[in-house]
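Written below as structure tokens is the structure these notes are about.
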There are 2 protein chains.
Amino acid sequence: MRIGELAGRTGVSVRALRYYEEQGLLEPERSPSGQRLYSESAVERVTFFQDMYAAGLSSRRIVELLPCIDTGLTDEAQRRMLRAERDRIGGTVDRLRTALRRLDDVIAIAEARAAAR
Amino acid sequence: MRIGELAGRTGVSVRALRYYEEQGLLEPERSPSGQRLYSESAVERVTFFQDMYAAGLSSRRIVELLPCIDTGLTDEAQRRMLRAERDRIGGTVDRLRTALRRLDDVIAIAEARAAAR
DNA sequence: CTTGCCTCTGACGTCAACGTCAGGTTCTAG
DNA sequence: CTAGAACCTGACGTTGACGTCAGAGGCAAG
């Protein structure tokens with residue numbers, strides 16, 4: 001598929017897809033005229049990138065991650081990095097859940113007061 | 001307490017604390033010589049800011065949030081904003097949990113291969 | 001009193017993940 | 001065949017949350 005379709009199916013911008021390529025995250029085929037051609041699996045890859053970005057990983061970290069995912073082969077340093085990122089994301093999740101609870105409290109109070117008005 | 005102590009106790013930089021003040025998030029007292037003096041409650045406030053930043057809220061959003069938290073009084077637009085942010089954070093948490101699972105899978109495979117070597 | 005650390009204001013620097021624009025090519029529907 | 005959508009390669013712009021530096025003043029210990 002071409003870049004516009006991939007953008008539509010993943011919900012990211014065309015510019016973002018080209019940016020991912022710049023960063024070494026995606027290497028689409030090219031048509032004879034030079035247009036990018038993506039395989040079906042690119043859809044899942046891009047959503048994976050989005051998950052990782054949402055988790056606070058940088059492009060470079062994701063690049064480091066890719067060979068681990070593609071081949072499953074890792075050295076000790078890579079495994080340490082994986083565990084470190086995992087722990088960091090776990091911490092972020094905890095913080096977000098805290099934030100959610102605090103927001104829920106605020107909302108509950110706000111709506112109670114609004115209803116009692 | 002002075003700014004350095006608050007920074008140490010919250011784990012954020014001195015610069016960040018001054019930035020929060022610029023954004024209208026914190027309004028510390030001042031000593032006669034002009035040094036910032038923070039109350040105990042500032043510690044919790046700052047960690048709250050960090051939670052919200054981690055959840056992807058901007059400084060301006062947090063500013064909008066503060067009166068809701070301090071007074072509990074809200075108008076309908078504010079309540080809509082609160083619910084929208086809540087939902088957005090919920091979505092982020094879901095994505096992060098997905099990212100965690102995917103990372104866990106990668107780690108499991110990587111460690112199994114490393115152990116089998 | 002002076003040494004060394006903390007603090008002040010003001011201002012410019014940074015960085016990542018894109019947005020946006022220019023100027024040109026390619027594809028597709030009618 | 002032609003209009004318009006989609007695509008291409010640069011290249012510069014944007015934004016938020018700080019980092020960093022300069023130059024000056026404040027404070028506790030010996």
Side-chain angles (χ1 to χ4, degrees), chain A residues 1-39 42 45-66 81 85 88-89 92 95-96 99, chain B residues 1-39 42 45-66 81 85 88-89 92 95-96 99:
Chain A
M1 81 196 78
R2 293 192 303 173
I3 198 169
E5 186 181 344
L6 181 58
R9 287 176 57 180
T10 56
V12 313
S13 71
V14 166
R15 177 66 177 93
L17 292 176
R18 291 201 268 249
Y19 174 76
Y20 297 162
E21 187 174 349
E22 272 179 42
Q23 301 303 305
L25 298 178
L26 276 177
E27 289 178 30
E29 303 293 307
R30 294 293 182 131
S31 77
S33 66
Q35 298 201 344
R36 293 170 178 82
L37 296 178
Y38 298 90
S39 63
R45 276 225 160 194
V46 170
T47 64
F48 175 74
F49 297 156
Q50 290 299 104
D51 288 338
M52 292 301 145
Y53 282 128
L57 275 76
S58 65
S59 295
R60 211 166 54 215
R61 271 284 185 262
I62 302 177
V63 168
E64 293 177 38
L65 224 57
L66 283 183
M81 183 270 282
E85 291 294 348
R88 209 185 43 70
I89 297 173
T92 302
R95 303 199 84 169
L96 292 199
Chain B
M1 79 196 78
R2 293 192 301 172
I3 197 169
E5 187 182 343
L6 181 59
R9 287 175 59 182
T10 56
V12 312
S13 71
V14 166
R15 177 65 176 92
L17 293 176
R18 292 201 267 251
Y19 175 76
Y20 297 162
E21 187 174 347
E22 271 179 43
Q23 301 303 305
L25 297 178
L26 275 177
E27 290 178 29
E29 303 292 305
R30 294 293 183 131
S31 78
S33 66
Q35 298 200 344
R36 292 171 178 81
L37 297 177
Y38 297 90
S39 63
R45 277 226 160 193
V46 169
T47 63
F48 174 74
F49 297 155
Q50 290 299 104
D51 288 337
M52 292 301 144
Y53 282 128
L57 275 76
S58 65
S59 295
R60 209 165 55 213
R61 271 284 186 262
I62 303 177
V63 168
E64 294 177 37
L65 224 58
L66 284 182
M81 183 269 282
E85 291 295 348
R88 209 184 43 70
I89 297 173
T92 302
R95 305 200 82 166
L96 291 199

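Every chain is numbered from 1, with letters handed out A, B, ... down the list of sequences.
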Does D:dC18 have OP1 or OP2 under 4.0 Å away from a side-chain N or O of B:Tyr19?
no
Nearest-Å distance, CG (A:Leu57) to P (C:dA16)?
14 Å
When you check the gap from the basic side-chain N to the acidic O, do A:Arg36 and A:Glu27 get nearer than 4.0 Å?
no
Atom pair distance, as rounded to whole Å: CZ in B:Phe49 and P in D:dG16
17 Å
note: A:Ile62, atom CD1; C:dC18, atom C1'; distance rounded to Å ~ 14 Å
Pair A:Arg18 + A:Glu22, salt bridge at N-O below 4.0 Å:
no
Taking atom P of D:dC27 as reference, at what distance in whole Å does atom CE of B:Met1 sit?
18 Å
Select base, sugar-phosphate, or nothing to describe what A:Ser31 touches, counting heavy atoms under 4.0 Å on all strands.
nothing
Salt bridge present between B:Glu21 and B:Arg30 (N-O < 4.0 angstrom)
yes
Kindly indicate, with the supporting measurements, whether the criterion side-chain contact (heavy atoms from CB on, under 4.5 Å) is fulfilled by A:Gln50 and B:Arg95.
CA-CA 9 Å; A:Gln50 290 299 104; B:Arg95 305 200 82 166; 3.2 Å; yes
Side-chain touch B:Leu65/B:Leu57, heavy atoms, less than 4.5 angstrom:
yes
Protein-nucleotide distance (A:Gln50, atom CD; C:dA16, atom C1'), rounded to Å:
14 Å
Can you tell me the distance, in whole Å, between the CG atom of B:Leu17 and the P atom of D:dC18?
10 Å
B:Gln23 atom CD is separated from D:dG16 atom P, nearest whole Å, by 9 Å
Applying a 4.0 Å non-hydrogen cut-off, can you work out what B:Tyr20 is touching in the nucleic acid: base, sugar-phosphate, or nothing?
sugar-phosphate
Once each nucleotide of nucleotides 5-11 of chain C is scored for protein heavy atoms under 4.0 Å, what B/S/- sequence comes out, 5' to 3'?
--SSB-B
pair A:Tyr38-A:Leu26: side-chain heavy atoms closer than 4.5 Å:
yes
Using atom CD of A:Glu21 as one end and atom P of C:dA17 as the other, report the distance to the nearest whole Å.
16 Å
Pair B:Phe49 and B:Tyr19, ring centroids less than 6.0 Å apart:
no
Which part of the nucleic acid, if any, lies within contact of A:Leu25, taking any heavy atom under 4.0 Å across all strands shown: a base, the sugar-phosphate backbone alone, or nothing?
nothing
